[in-house]
Amino acid sequence: MTKPLLLVPLCTGVAQTSLSLGLVHALQRQGIRVGFGKLMPAERVDKDRTLAIMAKLVESPAALVIDHQAPLASLTKQLTALTETSPLPLIIAGLPAIDGGANPLNLELANALGLDVLLLGNGAPASKLLPRIEKVLTQLSSSQVQGLVLNQWPADNSDGPISKLGQGSQNQPEDTLASALPVPLWATIPWVPRLLAPRIEDVARHLGALPLCSGDWSTRRVKEVILESRSLTNMATLFKPGALLVTSGDRSDLIVAAALATRNGLQLGGLLLTGGYQPEPAIMDLCEGAFDDGLPMLLVEDDTWHTSQALQALSLHLEVDDSNRQRWIMEWIADHLDTEALLRRHLGEEKRLSPTAFRYQLMQKARRQRQRVLLPEGEDARVVEAAVKAAQLGIAQCLLLGNPARIRAVAQSHDVQLGQDVVIIDPDSIRERYVAPMMKLRQHKGLEEVMAREQLQDNNVLGAMMLAQDEADAMVSGAQGTTLSTLRPALQLIKTAPGQSLVSSAFLLLLPDQVLIYGDCAINPSPNAQQLAEIALQCADTAALFDLTPQVAMISTTSSQPKVQQATAQARAQAPRLVIEGPLAYDTAIIESLARAKAPGSPIAGRSNVFIFPELNLGYSTFQTVRRSAELVTLGPMVQGLKKPVNDLSRDASIHDIVQTIALTAVQAANPGIKKAAT
């Protein structure tokens with residue numbers, strides 16, 4: 001097993017919790033399980049944020065408690081015991097730096113146990129950081145120091161950041177920076193203000209504020225604070241996305257102005273009313289629409305000046321319940337780490353297909369394939385933000401259908417930048433050119449010109465025509481509409497892929513060690529034997545699409561056994577090399593101990609990863625029961641069998657959900673038709 005890796009801060013303010021999250025996440029998305037421990041005084045154990053946050057990522061993170069009478073001996077004993085009992089490679093968060101550099105106890109422990117060390121720095125001046133690195137190198141062997149991570153980079157320092165060692169600027173290439181250092185540079189993590197932005201909920205907790213309207217206080221973040229100090233005319237120009245307006249509760253003009261800005265689409269952080277003044281009922285009534293849109297309003301007793309002083313003391317530490325910020329931070333840091341250096345340390349470690357690893361592989365596949373994904377609901381704020389995020393990640397070129405002015409206004413009000421990989425298409429300017437092609441596609445149904453024009457007013461229909469005309473590779477919709485409104489135009493205009501007679505669905509269930517596929521749980525209510533066989537082959541090809549070796553279990557009830565038996569035989573005939581078995585009970589297909597008793601000698605019973613259900617209701621209820629009982633991560637439903645992929649979102653889909661669906665759809669689009677991998 002790989003030696004434990006001890007994180008050693010060289011200075012204060014390196015954000016060791018964030019870096020620990022990033023390191024663990026970087027390994028997990030490569031399929032490597034990891035354990036975690038942290039050195040700390042006994043009095044910190046019960047209130048330590050790092051362990052509480054890390055408990056979401058690793059099993060039983062360990063507190064290595066310092067005995068002040070014999071600190072080195074106690075830590076050595078605890079870490080040795082942890083290493084011997086844990087089957088996983090360990091990352092150990094060391095003690096914070098002291099004024100002169102690395103905490104001596106960190107280095108003594110590394111020497112005593114021969115631990116590998118990763119140094120942690122920030123954008124400190126070269127004159128401060130370099131001597132600290134050199135001091136560590138005089139106390140440890142060069143082979144122990146694996147590298148250096150510089151967080152919050154670049155920093156504004158009068159003495160000059162460390163990149164100037166090579167006579168360069170803050171934008172100096174990383175390889176030049178690395179050559180100027182006495183240790184390998186694993187990462188320079190750029191400083192991003194939004195990663196520090198607290199939620200309105202955190203502000204309320206810090207101030208002890210009364211929520212007059214909590215709104216979206218658990219998701220809205222404070223990017224800047226605006227203090228009441230001017231007239232309404234001058235204050236209104238300062239209203240920006242993420243701004244927290246701090247004003248006396250009797251400034252009705254500012255309260256109404258903030259509400260109006262919210263109704264116009266500007267996503268302010270929130271309103272913080274001071275002085276204990278509650279707005280009059282008439283003012284609250286005027287602002288009701290803004291509150292319905294999620295604008296939080298808090299009330300404190302202190303005046304504006306004292307409140308502003310209290311806000312300056314607001315902690316920017318990562319909160320245990322702030323899952324969104326935790327995810328942003330660990331992904332940001334993992335994306336900037338030298339993954340190759342990490343993997344070199346973990347050669348030979350057993351890998352697993354965890355949810356983190358699967359989603360990372362999904363994103364990597366999408367990046368390599370760079371498809372054009374059409375988003376018909378282009379004016380929806382979640383869709384705009386997801387398109388920007390997908391473009392930033394490089395997983396697709398996103399085509400937004402919608403009024404350009406409205407889309408740009410949405411982007412501006414949510415403080416996102418539309419880059420070159422987010423293309424805005426005005427549907428009103430292009431509808432007319434699809435009338436004739438649509439009439440031709442639907443001529444067997446007698447579609448007339450006036451009806452074609454009317455149907456093309458629906459962006460889902462327009463989007464389906466764009467796919468049919470090869471002007472986009474795939475489509476994702478459903479954030480505002482129904483599944484039927486998303487899929488019906490696709491079925492009518494895009495049609496099924498060659499060799500396919502139906503369209504089906506697959507849900508992906510991400511277990512801690514593997515991925516399971518469930519079909520069909522969303523489209524075909526009661527398929528016949530031939531259709532069931534085709535669904536099984538489609539789901540097997542979906543498994544192969546994501547580098548899974550399909551082992552297909554044809555699930556049955558007593559009444560459906562004849563149909564399932566016939567479907568299994570037909571699927572075997574069409575795909576002789578496919579590992580498929582049925583009829584099987586679900587518990588026999590998935591639980592190995594039951595399989596040994598009920599289906600001895602079966603090649604897949606208890607080890608199946610693709611489950612085909614004879615009826616939609618049975619499949620959906622089984623899938624939801626498993627998902628909810630184990631609180632598992634899922635993807636889908638993924639639509640199979642179309643010439644070009646069209647996938648449906650749930651109406652409560654988050655930005656993260658939409659990005660994942662875009663990636664999933666892009667991977668499908670790059671692999672058109674049915675692969676027949678099992679034939």
Side-chain angles (χ1 to χ4, degrees), residues 11-22 25 49 53 120-125 149-158 161-163 169-171 174 187-207 216-227 237-246 266-272 296 308-319 321-337 381 384-386 388-389 391-393 410-419 655-656 659:
C11 41
T12 58
V14 299
Q16 184 174 214
T17 296
S18 296
L19 291 174
S20 299
L21 279 172
H25 185 62
R49 282 193 183 95
I53 293 170
L120 309 180
N122 54 20
V149 172
L150 296 173
N151 196 16
Q152 300 172 359
W153 185 267
D156 182 14
N157 296 296
S158 57
I162 197 167
S163 61
S169 66
Q170 288 187 345
N171 296 318
E174 194 167 308
T188 54
I189 314 294
W191 183 75
V192 181
R194 80 175 183 91
L195 296 182
L196 297 177
R199 302 164 297 180
I200 296 294
E201 182 181 6
D202 301 325
V203 172
R205 188 184 300 132
H206 171 69
L207 297 176
D216 296 333
W217 75 339
S218 63
T219 56
R220 294 210 185 191
R221 296 184 180 273
V222 180
K223 298 176 182 176
E224 63 177 299
V225 175
I226 303 174
L227 299 179
T237 60
L238 301 177
F239 289 3
K240 296 176 183 177
L244 175 65
L245 174 59
V246 182
L266 181 65
Q267 194 166 46
L268 291 169
L271 278 169
L272 177 56
S308 69
Q309 296 302 301
L311 283 171
Q312 292 181 31
L314 175 66
S315 170
L316 298 180
H317 288 303
L318 192 55
E319 297 293 343
D321 62 346
D322 194 348
S323 298
N324 283 335
R325 188 176 164 205
Q326 291 163 22
R327 186 178 70 249
W328 298 338
I329 285 174
M330 66 188 186
E331 288 180 352
W332 180 254
I333 291 174
D335 284 344
H336 287 84
L337 282 169
V384 172
E385 290 195 63
V388 170
K389 180 67 174 176
Q392 289 172 344
L393 292 171
V410 168
Q412 184 177 8
S413 66
H414 287 75
D415 199 24
V416 295
Q417 302 296 319
L418 298 168
I655 296 167
H656 184 62
V659 171

Margin query: Test your reading of the model: is there a side-chain donor-acceptor pair from His25 to the backbone of Asp335, 3.5 Å cut-off?
Written below: no
Notebook entry, point to check: Can you name the nearest heavy-atom pair linking Ile333 to Ser18, along with the distance?
Noted result: CD1-O, 3.2 Å
Checklist line | Distance, nearest 0.5 Å, that separates CG of Leu311 from CG of Leu207 | finding: 5.0 Å
Next item on the list: Answer yes or no: is there a donor N or O on one side and an acceptor on the other, between the side chain of Arg220 and the main chain of Leu268, under 3.5 Å?
Entry: yes
Item checked: Heavy-atom neighbours of Gln417 CD exceed 12 at 6.0 Å -> no
Check: Does a side-chain heavy-atom distance below 4.5 Å link His414 with Val384?
Finding: no
Check: Got Glu201 and Glu319 here, is their nearest side-chain heavy-atom distance under 4.5 Å?
Finding: no
Check: What distance do Gln326 atom CD and Thr17 atom OG1 have between them, rounded to the nearest 0.5 Å?
Finding: 10.0 Å
Check: Quick one: CD on Gln267 to OG1 on Thr219, what's the gap to the nearest 0.5 Å?
Finding: 7.0 Å
Checklist line | Considering all heavy atoms, the nearest Arg221-Asn324 contact | finding: NH2-CB, 3.9 Å
Note to self: Using 0.5 Å steps for rounding, measure from the CD atom of Gln16 to the CG atom of Leu21.
What the structure shows: 11.0 Å
Margin query: Between Asp415 and Lys240, is the side-chain contact (heavy atoms from CB on, under 4.5 Å) condition met? List the steps.
Written below: CA-CA 8 Å; Asp415 199 24; Lys240 296 176 183 177; over 6 Å; no
Check: Can you name the closest pair of heavy atoms from Gly13 and Asn122 and give their distance?
Finding: O-ND2, 3.6 Å
Notebook entry, point to check: Side chains of Pro193 and Lys223: does their closest heavy-atom pair fall under 4.5 Å?
Noted result: no
Margin query: Could you check whether any side-chain N or O of Gln412 sits under 3.5 Å from a backbone N or O of Leu266, counting only pairs where one atom can act as donor and the other as acceptor?
Written below: no
Notebook entry, point to check: Under 3.5 Å, side chain of Trp332 to main-chain N/O of Ile189, donor-acceptor pair present?
Noted result: no
Margin query: For the CG atom of Leu337 and the CG atom of Leu19, what is their distance to the nearest 0.5 Å?
Written below: 8.0 Å
Note to self: Regarding Asp322 and Arg49, does a basic nitrogen lie under 4.0 Å from an acidic carboxylate oxygen?
What the structure shows: no
Checklist line | Electrostatic pair Asp321-Arg205, nearest N-O below 4.0 angstrom | finding: yes
Check: Would you find a donor on one side and an acceptor on the other, under 3.5 Å apart, between the side chain of Arg199 and the backbone of Trp217?
Finding: no
Item checked: Interatomic distance, Phe239 atom CZ to Ile226 atom CD1 [nearest 0.5 angstrom] -> 6.5 Å
Check: Which pair of non-hydrogen atoms, one from Asn151 and one from Ala15, has the smallest distance, and what is that distance?
Finding: ND2-CB, 3.4 Å
Margin query: Ignoring hydrogens, what is the shortest heavy-atom contact between Gly121 and Cys11? Give both atom names and the distance.
Written below: CA-SG, 4.2 Å
Checklist line | Atom of Pro198, atom of Leu314 and distance for their closest heavy-atom approach | finding: CG-CD2, 3.6 Å
